[in-house]
Visitor: 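If you scroll down you'll find the structure; I have some questions about it.
Throughout, numbering of the chain's residues begins at 1 and tracks the sequence.
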Amino acid sequence: MKLSKPLLLIVALVCIALLGAALFLQYVEHMQPCPLCIIQRYAFFAIALICIVFLLLPRAAAGVGAGLSALVALAGAATAGWHLWVVAHPGTSCGIDPLEGTLNAIPTSKLMPFLFNADGLCATPYAPILGLSIPQWSLIWFAILALALGSAAFKRR
């Protein structure tokens, strides 16, 4: 199980970098995050937080941290998949609805509005980045993280 702690550190850094990229897209490229984007940010934030916490615990707990993080990554992948469905079906709304109001009322949205405040519409067509939309990139990253963390969690000791 010697690989779990370095993997947790790498995953935490990747998630922090992805959150930094989201902030870049929001503030430099003026791509306003929708409620589903914010849920995905929460998932990346939770993965990073879980990984950091389990880095500080004894090595034997690293597998548990990897497993918990893998579950959050799967939830994030499901959200990204739903986001892709909404983008493919523009008649579906997720913008100004109860989800946005609920997300913006969460205490973390009040403490860190720059990161967790939903402001955009899910079906807004932004230019692709390297040929893929933002939800597609999120889905890819969540899948990579879930596979890496899941394999570390269920690896024989």
Visitor: Please list all pairs passing the side-chain hydrogen bond (donor to acceptor under 3.5 Å, both in side chains) test where one or both residues lie in residues 20-30, with sequence neighbours left out.
Guide: Q26-R41
Visitor: Can you hop from L130 to V28 via hydrophobic side chains spaced under 4.5 Å?
Guide: yes
Visitor: Holding to ring pair (Phe, Tyr, Trp, His ring centres under 6.0 Å), I want the full list of residues that pass it with F54, two or more places apart in sequence or in another chain.
Guide: none
Visitor: Between A12 and I52, what is the shortest heavy-atom contact and its length?
Guide: CB-CG1, 3.9 Å
Visitor: With a 4.5 Å cut-off on side-chain heavy atoms, are Y42 and S109 touching?
Guide: yes
Visitor: By the rule that ILVMFWY residues connect when side-chain heavy atoms come within less than 4.5 angstrom, directly or transitively, which residues belong alongside L56?
Guide: none
Visitor: Could you tell me which residues satisfy side chain to side chain contact (heavy atoms under 4.5 Å, CB included) with T79, sequence neighbours excluded, listed by chain and number?
Guide: L36, I39, Q40
Visitor: Can you tell me how far the CG atom of L55 sits from the CG atom of L7, to the nearest 0.5 Å?
Guide: 9.5 Å
Visitor: Among the clusters formed by ILVMFWY side chains lying less than 4.5 Å apart, do F142 and I144 turn up in the same one?
Guide: yes
Visitor: Specify the closest pair of heavy atoms between A152 and A66, including all atoms of both residues, with the distance to one decimal.
Guide: CB-CB, 4.2 Å
Visitor: How long is the span from the CD1 atom in I106 to the CE atom in M112, to the nearest 0.5 Å?
Guide: 11.0 Å
Visitor: What distance separates I16 CD1 from F44 CZ, expressed to the nearest 0.5 Å?
Guide: 12.5 Å
Visitor: Between I50 and G65, what is the shortest heavy-atom contact and its length?
Guide: CG2-O, 3.6 Å
Visitor: Can you list everything that forms a side chain to side chain contact (heavy atoms under 4.5 Å, CB included) with L13? Sequence neighbours excluded, please.
Guide: L9
Visitor: Of all the heavy-atom pairs spanning L23 and L115, show the shortest one and how long it is.
Guide: CD2-CD1, 3.8 Å
Visitor: Let me confirm one number: the CG-CH2 distance from L18 to W137, rounded to the nearest 0.5 Å.
Guide: 10.5 Å
Visitor: Could I get the full list of side chain to side chain contact (heavy atoms under 4.5 Å, CB included) partners for C37, not counting sequence neighbours?
Guide: P33, C34, H83
Visitor: Mind checking side-chain hydrogen bond (donor to acceptor under 3.5 Å, both in side chains) for S133 and listing every partner two or more places apart, or none if nothing turns up?
Guide: Q136
Visitor: For residues A43 and V72, report the shortest heavy-atom separation together with the two atoms involved.
Guide: O-CG1, 3.6 Å
Visitor: Among residues two or more places apart or on two chains, list those pairs meeting side-chain hydrogen bond (donor to acceptor under 3.5 Å, both in side chains) that have a residue in residues 140-149.
Guide: none
Visitor: Do you reckon L147 sits in the same ILVMFWY cluster as V11, going by side-chain contacts under 4.5 Å, direct or chained?
Guide: no
Visitor: Which ILVMFWY residues are connected to L139, directly or by a chain of links, through side-chain heavy atoms under 4.5 Å apart?
Guide: L84
Visitor: With rounding to the nearest 0.5 angstrom, report the CG to CZ distance, L149 to F154.
Guide: 11.0 Å
Visitor: Would you name the heavy atoms of L8 and C51 that are closest together and state the gap between them?
Guide: O-CB, 3.4 Å
Visitor: Just how far is it from atom CG of L25 to atom CD1 of I134, taken to the nearest 0.5 Å?
Guide: 5.0 Å
Visitor: Taking only residues two or more places apart in sequence, or in another chain, which ones meet A146 in a side chain to side chain contact (heavy atoms under 4.5 Å, CB included)?
Guide: A73, L74
Visitor: Linking I/L/V/M/F/W/Y whenever any side-chain heavy atoms sit under 4.5 Å apart, do M31 and V87 land together?
Guide: no
